[in-house]
Structure formats: structure tokens, C-alpha cells
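Have a look at the structure below before the remarks.
Positions are given from 1 along the sequence.
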Amino acid sequence: MRRFTRRARNRRLTIAVIAGTIVTLIGLVLTAVYSPILALRQVRVDGTSRVNDEEVVSALDDQLGTPLALLDFAKIEDQLGAFPLIRSYVTETLPPDTLVIHIVERQPVGSVATSTGYQVVDPAGIVLQESADRLPGVPLIDLAGAATSTPAFDAAVEVLLSLPPTLLAQVDSISAHTQDDVSLVLAGVGQRVTWGSADDSTQKAALLAALIAVTDPTAAGEFDVSAPSNGVFRPA
């Protein structure tokens with residue numbers, strides 16, 4: 001009887017210890033989640049050059065004071081969606097009181113003429129900036145009145161993205177009426193480039209760079225790299 005009651009007491013003691021431990025852990029978790037010690041007090045932003053950091057921080061003001069574990073990330077997504085220059089972002093919580101927003105900005109690929117001036121767009125056709133005058137150093141994309149949602153725009157962008165920086169810097173404008181008739185105009189004397197479709201753009205870019213290297217930059221004419229295995233320069 002003594003052995004039986006001792007075992008029963010030991011079981012009850014073990015159960016009580018386990019239950020107490022669980023209650024303590026739950027209490028610690030609830031304290032950590034709801035404690036003002038772990039509430040959001042500052043928002044930091046990095047990765048930006050054209051997005052205004054202060055405006056991003058201000059947009060998230062209503063999250064301040066919220067425990068880090070209870071931040072409304074769906075609402076944060078909506079709030080950051082109001083910034084068209086933000087392509088993507090990653091959030092990072094740094095206890096006890098900080099939220100870091102790592103931002104990747106949209107990058108301009110060219111400008112499109114409009115009835116009121118020019119729109120600088122990214123590869124997805126998102127308007128990043130509007131100006132009355134054409135911005136220097138940004139290739140003009142001529143779509144013959146077509147929208148940036150057309151295959152012609154996609155082809156022009158694919159060509160621009162295939163160009164190495166040194167070659168891209170020489171492009172004054174690019175035109176595409178369809179996805180198969182892309183052409184370029186280089187800065188300087190206005191040498192033209194017949195590109196054709198966006199297929200094999202990497203090989204065409206390498207071929208064009210090689211032709212430019214052996215051609216007088218002051219000679220008017222046209223490069224033809226529409227056949228990536230056989231490029232040619234035709235003097236005007």
C-alpha cells in the first residue's frame with residue numbers, strides 16, 4: 001500500500017511539475033508577444049536611392065506601438081504598394097523594437113514620348129517619372145503610338161537589357177513597331193542598327209560591339225546584326 005501511494009504521489013508530482021512548466025512557458029510566450037518592451041518603436045529603410053525614406057517610414061506610422069509578433073504584414077504590403085518605385089521588399093524584425101524594410105527599387109529602362117512630354121518607364125512598363133523634357137542618358141523608346149503592354153515594347157526592352165553597359169550608353173533611341181523589327185540609333189552621328197527580333201540578343205550585342213570597335217564612329221551608315229552570325233556595316 002505504501003509503495004502504491006508513493007508511486008501515485010510521484011505521478012501527481014510529475015504531472016504538477018509538467019503542468020506548471022507548460023503554464024510558465026505559455027505565460028512567457030504571452031508576455032513576449034504582448035509586452036510593450038517588444039513593441040515597434042522605429043522603422044528603418046535601406047536600399048533606396050529614389051524612394052523617399054521618410055515617406056516610407058511615415059506610411060507605416062500606424063504600426064508603431066504594436067508588438068513585433070503582431071505586426072500586420074498584409075497592411076504593410078498595402079501601404080508599401082502605394083510607392084510605384086518599389087519593385088520588391090523584404091521585412092526584418094530586430095528585437096526589441098525595430099522593423100527594417102530592405103527595398104529593391106524599380107530601375108528605368110527608357111523613356112516614352114507622350115502628348116505632354118516624356119515618361120520614364122521600367123522593364124514592366126511602370127511609369128517611374130514624368131517630365132516635360134527628355135531626360136539625358138535615357139534611351140527613347142519609339143513604339144509608333146503603341147502601348148507599353150504590347151509585344152513590341154517587350155522586344156525593345158529585351159534588346160536594351162541584353163546590351164552591356166558600355167554599349168547601352170551609346171544608344172540614343174530604340175524603335176519597334178512589331179516584335180520582329182527592332183532598330184536602334186546610336187548617339188553621335190546617328191548610326192543606325194538593324195536588329196530584327198529580340199531572339200539571340202546576347203549574340204547580336206556581342207556582334208554589334210565588335211563591329212563598332214572596327215568602324216569609324218564619325219562614319220554615317222547602318223549596322224545590320226539581324227543575322228547574329230553575319231553582321232555588316234553599310235556606309236551611308
Side-chain angles (χ1 to χ4, degrees), residues 17-112 118-131 135-139 141 147-149 153-154 156-169 171 198 201-202 205:
V17 170
I18 293 173
T21 301
I22 293 174
V23 170
T24 300
L25 289 175
I26 292 174
L28 290 174
V29 169
L30 291 177
T31 299
V33 169
Y34 292 101
S35 172
I37 297 175
L38 296 178
L40 180 64
R41 287 183 172 81
Q42 62 174 325
V43 178
R44 297 208 313 258
V45 177
D46 64 25
T48 59
S49 61
R50 292 161 54 234
V51 174
N52 188 304
D53 293 357
E54 294 181 357
E55 291 181 0
V56 174
V57 172
S58 178
L60 303 180
D61 270 352
D62 60 350
Q63 299 284 340
L64 296 177
T66 304
L68 295 181
L70 298 180
L71 291 176
D72 189 344
F73 288 100
K75 188 173 184 180
I76 290 175
E77 181 177 359
D78 289 339
Q79 291 165 327
L80 294 182
F83 295 85
L85 292 181
I86 296 178
R87 190 184 75 186
S88 62
Y89 68 91
V90 175
T91 59
E92 179 184 7
T93 53
L94 298 179
D97 60 3
T98 302
L99 175 68
V100 182
I101 311 290
H102 303 284
I103 289 176
V104 177
E105 294 182 332
R106 297 183 182 276
Q107 297 300 319
V109 69
S111 63
V112 179
Y118 297 88
Q119 292 179 336
V120 177
V121 297
D122 80 338
I126 302 297
V127 178
L128 308 182
Q129 183 178 348
E130 294 185 274
S131 65
L135 297 181
V138 180
I141 302 176
T148 55
S149 58
F153 175 77
D154 294 338
V157 167
E158 186 175 345
V159 171
L160 290 173
L161 295 178
S162 73
L163 302 177
T166 54
L167 185 52
L168 179 61
V171 176
S201 283
T202 301

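- Shortest non-hydrogen contact noted between Leu163 and Ala205 is CD2-CB, 3.9 Å.
- Annotation: side chain of Phe73 is in contact with side chain of Thr91 (closest heavy-atom distance under 4.5 Å).
- For the pairing with Val109, the side-chain contact (heavy atoms from CB on, under 4.5 Å) check across Leu161, Val138, Leu168 returns one residue only, Leu161.
- Atoms CG and CD, from Asp97 and Gln42 in turn, are 5.5 Å apart once rounded to the nearest 0.5 Å.
- Atom CD1 of residue Ile126 and atom CG of residue Leu85 lie 10.5 Å apart, to the nearest 0.5 angstrom.
- Between Ala156 and Ile141, the shortest heavy-atom contact is CB-CG2, 4.3 Å.
- Scanning all heavy atoms of the two residues, the minimum distance from Ala59 to Asp62 falls at O-OD1, 4.2 Å.
- To the nearest 0.5 Å, atom CG of residue Leu99 and atom CG of residue Leu40 are 6.0 Å apart.
- In this structure, Phe153 and Val121 have side chains that are in contact, with non-hydrogen atoms separated by less than 4.5 Å.
- Proximity of Pro67 to Leu38: side-chain heavy atoms (C-beta onward) are nowhere separated by under 4.5 Å.
- The shortest side-chain heavy-atom distance between Arg44 and Leu94 falls under the 4.5 Å cut-off.
- Here the straight-line distance linking atom CD of Glu55 with atom OG1 of Thr48 works out to 11.0 Å at 0.5 Å rounding.
- Checking side-chain atoms of Glu105 against main-chain N and O of Arg50 turns up a donor-acceptor pair under 3.5 Å.
- In this structure, CG on Asp72 lies 10.5 Å from CD on Glu77, to the nearest 0.5 angstrom.
- Contact detail for Val57 and Val43: the closest heavy-atom pair is CG2-O, 3.6 Å.
- Within the 4.5 Å cutoff, the side chain of Gln79 has heavy atoms near those of the Gln63 side chain.
- Remark: the Glu158 side chain and the Ser201 side chain contain no N/O donor-acceptor pair separated by less than 3.5 Å.
- Side-chain polar atoms of Ser111 and Gln119 form no donor-acceptor pair below 3.5 angstrom.
- Atom-to-atom distance recorded for Tyr89:OH and Asp46:CG is 14.5 Å, nearest 0.5 angstrom.
- Formation of a donor-acceptor pair under 3.5 Å by the Arg106 side chain with backbone atoms of Leu128 is not found in this model.
- Residues Tyr118 and Val112 fail the side-chain proximity criterion, which asks for heavy atoms closer than 4.5 Å.
- Considering only heavy atoms from C-beta on, Thr93 comes within 4.5 Å of Leu71 through its side chain.
- Counting only heavy atoms from C-beta outward, the side chains of Ile101 and Leu60 approach each other to under 4.5 Å.
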